Every structure is written in structure tokens, then in C-alpha cells.
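Chain letters run A, B, ... following the sequence lines, proteins first, then strands; residues in each count from 1. All figures in this text were calculated on a predicted structure; none of them were measured in a lab.
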Number of protein chains: 2
Amino acid sequence: MALAASETVVHPPASAPPLTGLTPLEAEAVDLFVGLAQVVGLPKSIGQIYGLLYISATPLSLDDIADRLDISKGSASQGLKFLRTTGAVRLCDEHGSRCDHYEAETGLRALATGFLKEQIEPHLESGEDRLARLKRLAANAPAAERTHVVQRVKQLESWHRRAAGLLPLLIRFLGK
Amino acid sequence: MALAASETVVHPPASAPPLTGLTPLEAEAVDLFVGLAQVVGLPKSIGQIYGLLYISATPLSLDDIADRLDISKGSASQGLKFLRTTGAVRLCDEHGSRCDHYEAETGLRALATGFLKEQIEPHLESGEDRLARLKRLAANAPAAERTHVVQRVKQLESWHRRAAGLLPLLIRFLGK
DNA sequence: ATCATTGTTCAAAAATTATTGAACTACGCC
DNA sequence: GGCGTAGTTCAATAATTTTTGAACAATGAT
């Protein structure tokens, strides 16, 4: 603060992809994916990274990403790890450079599959144990409530079946 | 404080629905819905409340809920408000009592519809504006990248259409 | 009209989750 | 070997979200 009176704002070069900061187009794309990330419960940084890679015409390195988005290398590394294991991002065979470069996987089916496999399926599986335990407890409930709770647990089982059946259907619908 | 020396701990009655604390069955049901809430990005208290109402054989009042789950009235009020506006919970016409009682809506279709309408649809709508802005920016991009970014934005539009088409399909699949 | 009961709101506190940055490993090059 | 670049990990910090609880409005009973 307390700028010298004569100080002037330095304007960035008018054209050419900046090494730091985002073009308006990139910023808009990043924003869109940040919003999407929020919707599916993922951290903002992951949305930023994927968004930048999605719109970028060329593969980007970890450092490119951290610099352009102004996030730490740590965040970039963690975010890319997640995106890699989830299949949303690919390491592309870099001809010239010494470091790894990434590009976005843009097939909706691949993205959805990765996300569902990683984030939803585990819950469906652990749900089975839960349901089994619930079923046992319901069977032992006091007589007055037994029919009611048994019915509810049956309904939960039906939900579970339907959810499990939904996953492959979803993937098919989004497919190729 | 400062209890008399001879005071003894009062054990809760061995049976009958406790006015405070949860039965093992209730605890298990609550847990299950807490997990579900996490999955869809809702606060724990909302999962707790819905879980308790789901398994309960009788409608419960706000105070019942706060007491049994050991959460504040504030949380219970906010949670119930959300569940009401989302259609996951119903005020049921209480014959005798002076206060409102709630019961869980258990139709999967109604639940899914409420959730999708409330949590997903708004994003799909704002997405349209976003896409329009992106499209304009892409059209003005430097020639070298233009075809690439225009293609990407087209792909985003196709994602958007598919997502929008998915919603009614989903509801139908879960229906009745 | 006063008091008790029910429920809401919202600022402050607590809990949770994401991000940072420094320490560290691994690798290639000189 | 020693040095520089890439990348990962993780404890500490920051940001965000949730929960609390006290103040308040509304309604009904006496």
C-alpha cells in the first residue's frame, strides 16, 4: 500500500498465451468446471485443473498448471493425482520435454465411469453390510414396531437394488 | 453440581422407546442416512433427521427429534426446513397435539425429484448462460486455437443436452 | 394480559475440509 | 559424487461449512 504518487499500472502484453494468469476464455472455462466440481462435491482446485486442461489446446505440465491457476504445487499434485486415478486426465507421451504433461480425457462415458466407480460404488458396497445389520436389528425389534421397521428395511433393500441397477444404465446412457 | 455422597446413577428403563438417545436399530438407520447424506453433499444433521423419521413408527415433533438426536433446536429447525422444501418430509395432521409432527416421505421417486429439482436443476439452468458466454469467447479466440476451443465448447453443449435429458429419465427409472 | 410452549433466525463458535509450503525422494545431467 | 529439476507427502494453516444457543416472533392457554 501507500503507492508513490506517480506510480502507474503496468498493463500485461495485449496478446499471446500468458505464462501466468488466464485468458478470459480460460477463466470462463475454469469457472464452469469449478461450479461442476462443487455440484459433485469435489474441491475447487480439482475443478480448476480439469477446466484448464479441458480448454487448453496443448498438454500442460504440473508447473504450468500451478502457475497459471496460481495454486500451490502441492494442490496441483494432489488434484492431478485424483484426476489421474479417476481417469479424467491422461499423461500424454511428451516427445521433447523432460517433465510430464497432461491432457483432459473428454469422453463423457469415461468421465462418468471413473467418477461413479470411485465415488459411488464404494458406498453401494458398504451399504450391503449396513443393510444386513439393519435387517437383523429390525427382526428383533419390539413386536409393536416390528412390522413397520421390517417393512422399511425391505424398502431400503429395494432402493439399494435400484441404485445398483442404475449405475450401468447411467453409463450406457452417457456412453460413447 | 455437588451431588450428595449417597447419590446413585439412575439407569434408564431397560425397554420401551427412550425419550432420549436412540435404540440400536434407530442408531443404525440414522448412520445409514448420514452416510447417504455425505454422498450427496448434505450436512450430517439432515441425514440424521431423515434417518430417524424414516425408521420411526410414529410421527415426531421438532423437539422429539432434537432431543433424541442430541442436536440443537436450531439445527433441527433448519434441517426440517430443508427436508420440507425438498419434499423429503411431510407435516402430518396431528389430531391431539399442539405442535407439528413430521413423517418421512418414502417414495423414491418423490425423494429423487425433490433432490434433483432443488440441487441439480438450478445448475443446469445457470449452465446455459455460461455456455453462451463461453461460445462467444471461443469464437473470438486467436486463430491458432480457435478450431480447438470451438470444438470443446460444442462438446460441452452436447454434455449439457445429455445431462438435461438425463433428469427426466432418471426420475422415470426411479418412479413409483 | 401474562405466561408457557413452539418454532425461527442469525451471529458466533466449532467442526470439517481444502490449501499451502517446506521437507523429502527420485531421477537425469555434468 | 554433486547439483538442478520434477514431483510427492504431510503437518500446519486457512477457508469453508455446519452447528449452536440466545434473542425473538407467534400462538394458545389460563
Polar atom pairs (N or O), protein with nucleotides 20-24 of chain D, under 3.5 Å:
| from | atom 1 | to | atom 2 | distance (Å) |
| --- | --- | --- | --- | --- |
| D:dT20 | OP2 | B:Ser72 | N | 3.0 |
| D:dT20 | OP2 | B:Ser72 | OG | 3.2 |
| D:dT20 | OP2 | B:Ser75 | OG | 3.1 |

Nearest 0.5 angstrom please: [X] [atom1] to [Y] [atom2], how far?
| X | Y | atom1 | atom2 | answer |
| --- | --- | --- | --- | --- |
| A:Gln151 | B:Thr106 | CD | OG1 | 7.0 Å |
| B:Tyr102 | B:Ser56 | OH | OG | 14.5 Å |
| A:Lys81 | A:Thr86 | NZ | OG1 | 13.0 Å |
| B:Ser77 | B:Ile49 | OG | CD1 | 9.0 Å |

Would you mind telling me which residue lines up with the more 5' stretch of DNA chain D, A:Ser61 or B:Leu42, judged by nearest nucleotide?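 In this pair, the answer is A:Ser61.
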Can you confirm whether the side chains of A:Asp64 and A:Ser61 place a donor and an acceptor under 3.5 Å from each other?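 Distance-only check passes for A:Asp64 and A:Ser61.
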Tell me: [atom1] of [X] to [atom2] of [N], nearest whole Å?
| X | N | atom1 | atom2 | answer |
| --- | --- | --- | --- | --- |
| B:Ile49 | C:dG7 | CD1 | C1' | 13 Å |
| B:Asp67 | C:dT5 | CG | P | 14 Å |
| A:Ile65 | C:dT19 | CD1 | P | 14 Å |
| A:Lys44 | D:dT17 | NZ | P | 10 Å |
| A:Asp100 | C:dA26 | CG | P | 16 Å |
| A:Gln38 | D:dA15 | CD | P | 16 Å |

Less than 4.5 Å apart, any side-chain heavy atom of [X] and any of [Y]?
| X | Y | answer |
| --- | --- | --- |
| B:Leu124 | B:Leu167 | yes |
| A:Tyr54 | B:Leu156 | yes |
| B:Ser158 | B:Arg161 | yes |

Would you indicate which nucleotide in C:dT5, D:dA6, C:dT19 comes nearest to any side-chain atom of A:Ser45?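 Comparing C:dT5, D:dA6, C:dT19 against the side chain of A:Ser45, the answer is C:dT19.
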Which nucleotide in C:dT6, D:dT9, C:dT19 has an atom nearest any side-chain atom of B:Arg98: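 Looking only at heavy atoms from C-beta outward on B:Arg98, the closest nucleotide is C:dT6.
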Mind checking whether B:Tyr50 and B:Phe33 have parallel, tilted or perpendicular rings, split at 30° and 60°?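 Because their plane-to-plane angle is over 60°, the rings of B:Tyr50 and B:Phe33 count as perpendicular.
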Between residues 79-89 of chain A and DNA chain D, which residues have a heavy-atom gap below 4.0 Å?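 Result for residues 79-89 of chain A: A:Lys81, A:Arg84, sorted by number.
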